Amino acid sequence: MAGEEQGGGMPAIGRREMLGVTGVAVCGVALAGCGTSDGSAKAVVPPGIKGKVIAKKADVPVGSGKVIQEWKIVITQPTSGVFKAFTARCPHRGCSVNRPQDGVMTCPCHGSEFAADTGKCLKGPATGPLAEFAVKVEGDGIVIL
Ligand code: FES
């Protein structure tokens with residue numbers, strides 16, 4: 001099991017570390033085709049939500065996040081006080097990704113995985129990142145810019 005010492009004296013590696021190695025190999029080829037240097041992408045803000053509070057800071061746990069199904073947006077807080085927003089639509093076939101666990105957002109349909117801090121594709125079949133929305137903190141809310 002990942003995270004535990006394996007037999008034969010081999011040190012175990014964590015899930016995230018393993019994804020970092022294998023994920024780059026799986027998604028890296030496709031990202032080269034996207035023309036982005038860091039695997040990120042900017043999303044077009046859907047009409048009607050620009051400038052609106054889309055979540056309360058208190059509803060977005062540190063190291064995890066919250067999926068807002070109404071707008072198909074996932075808000076993450078990778079580190080304390082740093083909030084990010086991405087489209088929740090998986091670029092593979094459009095299923096909604098799950099909220100992050102251990103820094104990774106997983107698509108339940110076919111298993112693609114994305115980094116909670118950048119949206120970068122870590123594991124296919126998706127071939128590109130989750131597009132990011134610019135956000136700011138305003139009082140106790142998170143606002144889409
Ligand atoms: Fe997300 Fe297929 S729709 S992996």
Side-chain angles (χ1 to χ4, degrees), residues 1-6 10-138 141-145:
M1 183 166 136
E4 294 179 4
E5 184 74 27
Q6 303 292 315
M10 292 284 291
I13 60 172
R15 173 182 158 89
R16 220 175 148 187
E17 294 159 319
M18 186 163 53
L19 289 174
V21 172
T22 59
V24 169
V26 172
C27 298
V29 172
L31 287 175
C34 296
T36 58
S37 60
D38 63 355
S40 65
K42 294 294 176 195
V44 175
V45 177
I49 65 168
K50 190 172 182 137
K52 286 191 173 179
V53 173
I54 56 166
K56 299 260 186 219
K57 289 191 312 186
D59 294 337
V60 183
V62 176
S64 184
K66 173 186 175 114
V67 177
I68 304 167
Q69 289 297 344
E70 180 182 357
W71 295 309
K72 299 284 189 215
I73 292 175
V74 57
I75 309 288
T76 69
Q77 188 177 183
T79 57
S80 183
V82 175
F83 295 92
K84 301 283 187 131
F86 305 94
T87 179
R89 291 181 203 277
C90 176
H92 179 228
R93 292 199 183 156
C95 291
S96 214
V97 299
N98 294 327
R99 70 185 196 143
Q101 290 186 327
D102 297 327
V104 176
M105 297 175 278
T106 303
C107 179
C109 290
H110 310 99
S112 290
E113 296 183 342
F114 306 90
D117 58 348
T118 64
K120 181 179 176 181
C121 179
L122 302 174
K123 178 183 166 216
T127 57
L130 296 178
E132 184 173 2
F133 296 98
V135 294
K136 72 173 181 179
V137 172
E138 203 170 270
I142 299 160
V143 175
I144 292 277
L145 298 176

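Given the structure is predicted, the values throughout are model-derived calculations rather than measurements. Every number for a ligand or one of its atoms is a count from 1 in the order of the listing. All values below were derived from every heavy atom in this structure, side-chain atoms included, with hydrogens, water molecules and symmetry-related copies excluded.
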**Student:** Measure the spacing between NZ of Lys84 and CD1 of Ile75 and express it to the nearest 0.5 Å.
**Tutor:** 12.0 Å

**Student:** Check whether any N, O or S atom of Cys109 sits under 2.8 Å from atom 2 (Fe) of ligand 1.
**Tutor:** no

**Student:** Less than 4.5 Å apart, side chain to side chain, heavy atoms only: is that true for Val104 and Lys123?
**Tutor:** no

**Student:** Quick one: are the Cys95 and Cys109 sulfurs under 2.5 Å apart?
**Tutor:** yes

**Student:** Just by modelled atom types, is the Gln101 backbone N or O under 3.5 Å from a matching donor or acceptor in the Ser64 side chain?
**Tutor:** no

**Student:** Side chain to side chain contact (heavy atoms under 4.5 Å, CB included) for Lys57 and Ile142? Distances and angles first, verdict last.
**Tutor:** CA-CA 6 Å; Lys57 289 191 312 186; Ile142 299 160; 4.2 Å; yes

**Student:** Output the list of atoms in ligand 1 that are nearer than 4.0 Å to some heavy atom of Ser112, sorted by atom number.
**Tutor:** 4 (S)

**Student:** By atom name, which N, O or S atom belonging to His92 lies closest to atom 2 (Fe) of ligand 1?
**Tutor:** ND1

**Student:** Find all atoms of ligand 1 within a distance of less than 4.0 Å from any non-hydrogen atom belonging to Cys95, and give their numbers and elements.
**Tutor:** 3 (S)

**Student:** Looking at His110, pick out the N, O or S atom nearest to atom 2 (Fe) of ligand 1 and give its name.
**Tutor:** ND1

**Student:** Checking only N/O/S atoms, does Cys107 have one that is under 2.8 Å from atom 2 (Fe) of ligand 1?
**Tutor:** no

